[in-house]
Undergrad: 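Before I ask anything, here is the structure I am working with.
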Amino acid sequence: MVFCNTLLKWYDLNKRELPWRKTRDPYVIWISEIILQQTRVSQGLPYFSKFIESFPSLLDLANAQEEEVLKLWQGLGYYSRARNLHYTAKCIAEKYDGIFPSNYEDILSLKGVGNYTAAAISSFAFDLSLPVVDGNVVRVLSRIFGVETPFESFSGKKKFYDLAAKLLDNKRHSEYNQAIMDFGALCCTPKIPKCESCPFVSMCIAYNTNNINKLPVKLKKIKITNRFLNYLIINHEEQFIFSKINKGIWKGMYQFPYIEVEKKINKNELFEEENWKIFFCDYKYKVIASSKVYLHKLSHQNIYATFWFINVQNLNKKNFKCVSKQELMQLPVPRLIEKFINDYKLI
DNA sequence: AACCCGTGGAG
DNA sequence: TCTCCAAGGGT
């Protein structure tokens, strides 16, 4: 009880003005929560504005094409969020008659909505008494209450959810949930937290045992693989070969055809690659130039990408999807492709 | 359970 | 340059 009173007092003085806090429209709150998954407010804010402007209501989103949604998401990353968002909008339009579900179980069942997001929507839009447990909450609770169990583990999840539920204010749930996340984002930050102005220093176990930098305990060490992609920039009769990606992390977006190789190789080795030969089989082609090597760092991959400018004399355009510069600009592309296009002023 | 998924900013 | 990681979720 002392905890939530202190927290709410801090919030009254320090809270951020954020556009999605001005509404109780579950659609708008849902959009904001999906955008903010693993994403900083400063990065997500402009996307939120664009998104709501383009799709003011759930039915606007449901009636859109997936490509439009991905185009608006371009540059934000984790593109499955955009695909799931669109899928779920259509699902709500059909299954729930366009009315956003108002109970926790139904909200949780939506694709792209997990424990955190379901609790957030339930709390912020419908004032249900559910604690949110996100990265901020885990960090704040682990430090103040000295919880050393990693949140990723099963027992860790139970500990943090139990503790969060116990601390939840029984009147101002929604504000309490906003407060603890703002507190984590502004005061109890991952690096160099502002302990000198923290209202919980006297009771904070991490602070008083000099363990601020050790909490929260995290398990996962992700493994990063290197990939070597050679994109083929084939401009034929004012059009580029440019096709839709049908699987993987960039599914639904577009890119140039590419030849992937196992390791860093030189030009002559590349031209002797089996996949290179298969791609160009009967074509008369000439390699005009190549780009620098782009290093594109993803969460699980380092992509080393080279773009090869190639002229093909006898290209059979029926075998490829070709688009004009104007069409290309309208299509959703991963950041890597966008950077290349900008660098070479293809558009 | 363990591993997968983007991008950019801070330090 | 390098590491960490941010309003997590799906498989």
Side-chain angles (χ1 to χ4, degrees), chain A residues 15-16 18-21 28-48 70 73-85 87-88 107-125 130-140 150-157 160-161 164 174 177-186 188-193 213-214 216 218-225 227 245 247-253 255 294-303 332-339:
Chain A
K15 67 178 169 188
R16 294 178 286 188
L18 299 170
W20 44 86
R21 287 184 178 163
V28 175
I29 290 169
W30 169 53
I31 300 296
S32 74
E33 290 301 336
I34 302 298
I35 286 177
L36 291 169
Q37 286 172 0
Q38 297 287 281
T39 304
R40 287 189 173 77
V41 167
S42 57
Q43 193 186 357
L45 200 45
Y47 284 85
F48 173 80
L70 283 169
W73 209 269
Q74 182 173 312
L76 194 54
Y78 284 141
Y79 298 98
S80 63
R81 291 183 295 174
R83 296 192 297 268
N84 287 338
L85 207 56
Y87 173 90
T88 294
I107 295 171
L108 183 60
S109 75
L110 301 172
K111 200 166 184 179
V113 175
N115 271 311
Y116 161 75
T117 306
I121 297 171
S122 300
S123 172
F124 304 150
L130 290 159
V132 296
V133 179
D134 73 332
N136 289 306
V137 175
V138 169
R139 189 169 58 254
V140 170
F151 178 65
E152 293 90 338
S153 67
F154 184 81
S155 63
K157 281 194 174 60
F160 281 99
Y161 271 99
S174 172
N177 280 332
Q178 300 277 10
I180 194 163
M181 288 196 288
D182 260 16
F183 180 73
L186 299 175
C188 195
T189 51
K191 295 171 188 172
I192 318 177
N213 293 323
K214 294 176 184 166
K218 296 199 173 182
L219 278 182
K220 50 186 174 191
K221 279 274 179 270
I222 62 173
K223 194 171 158 186
I224 295 177
T225 56
R227 296 181 67 193
I245 305 164
K247 62 183 166 86
I249 62 174
W250 293 332
K251 183 181 175 185
M253 307 180 88
Q255 64 185 348
Y294 285 75
L295 172 56
H296 191 63
K297 295 168 88 80
L298 285 70
S299 54
H300 285 66
Q301 309 172 26
N302 286 339
I303 296 178
V333 296
R335 195 61 121 188
L336 169 63
I337 303 299
E338 184 186 357
K339 282 179 179 166

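Below, chains carry the letters A, B, ... as their sequence lines are ordered, and counting in each starts from 1.
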Undergrad: Considering heavy-atom distances to DNA chain B, does A:V333 or A:S155 have its closest nucleotide positioned more toward the 5' end?
TA: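 Closer to the 5' end of DNA chain B: A:S155.
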Undergrad: Which is the 5'-most and which the 3'-most nucleotide of DNA chain C that has an atom under 4.0 Å from a heavy atom of chain A?
TA: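 First and last nucleotides in contact are C:dC4 to C:dG10.
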Undergrad: Would you indicate what A:L18 reaches in the nucleic acid, counting non-hydrogen atoms under 4.0 angstrom: base, sugar-phosphate, or nothing?
TA: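 The residue A:L18 makes base contact.
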Undergrad: Between B:dA10 and C:dA7, how far apart are the two P atoms, rounded to whole Å?
TA: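 B:dA10 and C:dA7 have their P atoms separated by 14 Å.
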Undergrad: Taking CD1 from A:I35 and P from B:dT7, how many angstroms apart are they, rounded to a whole number?
TA: 16 Å
Undergrad: Scan A:I222 against the nucleic acid and name what it touches under 4.0 Å (heavy atoms): base, sugar-phosphate only, or nothing.
TA: nothing
Undergrad: Have a look at A:E152 and say if it touches a base, only the backbone sugar-phosphate, or nothing, with a 4.0 Å heavy-atom cut-off.
TA: nothing
Undergrad: Can you work out whether A:L108 or A:A185 has the more 5'-proximal nearest nucleotide on DNA chain C?
TA: A:A185
Undergrad: Using a cut-off of 4.0 Å on non-hydrogen atoms, how would the nucleic acid contact of A:K339 be classed: base, sugar-phosphate, or nothing?
TA: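 A:K339: backbone/sugar contact only, no base atoms under 4.0 Å.
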Undergrad: To the nearest 0.5 Å, what is the distance between CG (A:L336) and NZ (A:K297)?
TA: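 If we round to the nearest 0.5 Å, A:L336:CG and A:K297:NZ are 13.5 Å apart.
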Undergrad: Nearest whole Å is fine: how far is B:dG9 C1' from A:K297 NZ?
TA: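 Roughly 14 Å, once rounded to whole Å.
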Undergrad: Within the 4.0 Å heavy-atom criterion, would you say A:R40 contacts the bases, only the backbone, or no part of the nucleic acid?
TA: base
Undergrad: Ignoring backbone atoms, test whether A:H300 places a side-chain nitrogen or oxygen under 4.0 Å from the OP1 or OP2 oxygen of B:dC3.
TA: no
Undergrad: Mind checking if A:V113 touches a base, just sugar-phosphate, or nothing, with heavy atoms under 4.0 Å?
TA: sugar-phosphate
Undergrad: Which residues pass the side chain to side chain contact (heavy atoms under 4.5 Å, CB included) test with A:Y87, sequence neighbours left out?
TA: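 Scan of A:Y87 (side chain to side chain contact (heavy atoms under 4.5 Å, CB included), adjacent residues dropped) gives A:K111.
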Undergrad: Applying a 4.0 Å non-hydrogen cut-off, can you work out what A:K218 is touching in the nucleic acid: base, sugar-phosphate, or nothing?
TA: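 Result for A:K218 = sugar-phosphate.
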Undergrad: B:dA1 C1' sits how many Å from A:F154 CZ, rounded?
TA: 12 Å
Undergrad: How many Å lie between OH on A:Y79 and C1' on B:dT7, as a whole number?
TA: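 Nearest whole value for this atom pair: 7 Å.
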Undergrad: Please work out if A:G184 contacts a base, only the sugar-phosphate, or nothing of the nucleic acid, heavy-atom cut-off 4.0 Å.
TA: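 Here A:G184 touches no strand at all.
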Undergrad: Give the rounded distance in Å between these two atoms: CH2 of A:W73 and C1' of B:dT7.
TA: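 Answer to the nearest Å: 13 Å.
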Undergrad: Return whichever of A:R81 or A:L219 has its heavy-atom-nearest nucleotide of DNA chain B closer to the 5' end.
TA: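 Nearer the 5' end of the strand: A:L219.
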Undergrad: Over 60° means perpendicular and under 30° means parallel, so classify the ring planes of A:F48 and A:W20, tilted if in between.
TA: perpendicular
Undergrad: Atom CG in A:L45, atom OG1 in A:T39: separation rounded to 0.5 Å?
TA: 12.0 Å
Undergrad: Quick one: list whatever passes side chain to side chain contact (heavy atoms under 4.5 Å, CB included) with A:P216, sequence neighbours left out.
TA: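 Partners of A:P216 by the side chain to side chain contact (heavy atoms under 4.5 Å, CB included) criterion, ordered by chain and then number, come out as A:V138, A:R139, A:S142, A:K218.
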Undergrad: Would you kindly compare A:G112 and A:R139 by the position of their nearest DNA chain C nucleotide and give the one closer to the 5′ end?
TA: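 By nearest-heavy-atom nucleotide position, the 5'-most residue is A:R139.
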Undergrad: Could you tell me how the ring of A:H296 sits relative to the ring of A:W250: parallel (under 30°), tilted (30 to 60°) or perpendicular (over 60°)?
TA: tilted
Undergrad: Closer than 4.0 angstrom, basic N to acidic O: yes or no for A:D182 and A:R16?
TA: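 Yes.
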Undergrad: With no hydrogens and no angle check, just 3.5 Å: does a side-chain donor-acceptor pair link A:Y116 and A:Q37?
TA: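 There is no such pair between these side chains.
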Undergrad: Looking across every strand, which nucleic acid part, if any, lies under 4.0 Å from A:R83 by heavy atom: base, sugar-phosphate, or nothing?
TA: nothing
Undergrad: Taking any heavy-atom pair under 4.0 Å as a contact, classify A:S32: base, sugar-phosphate, or nothing.
TA: nothing
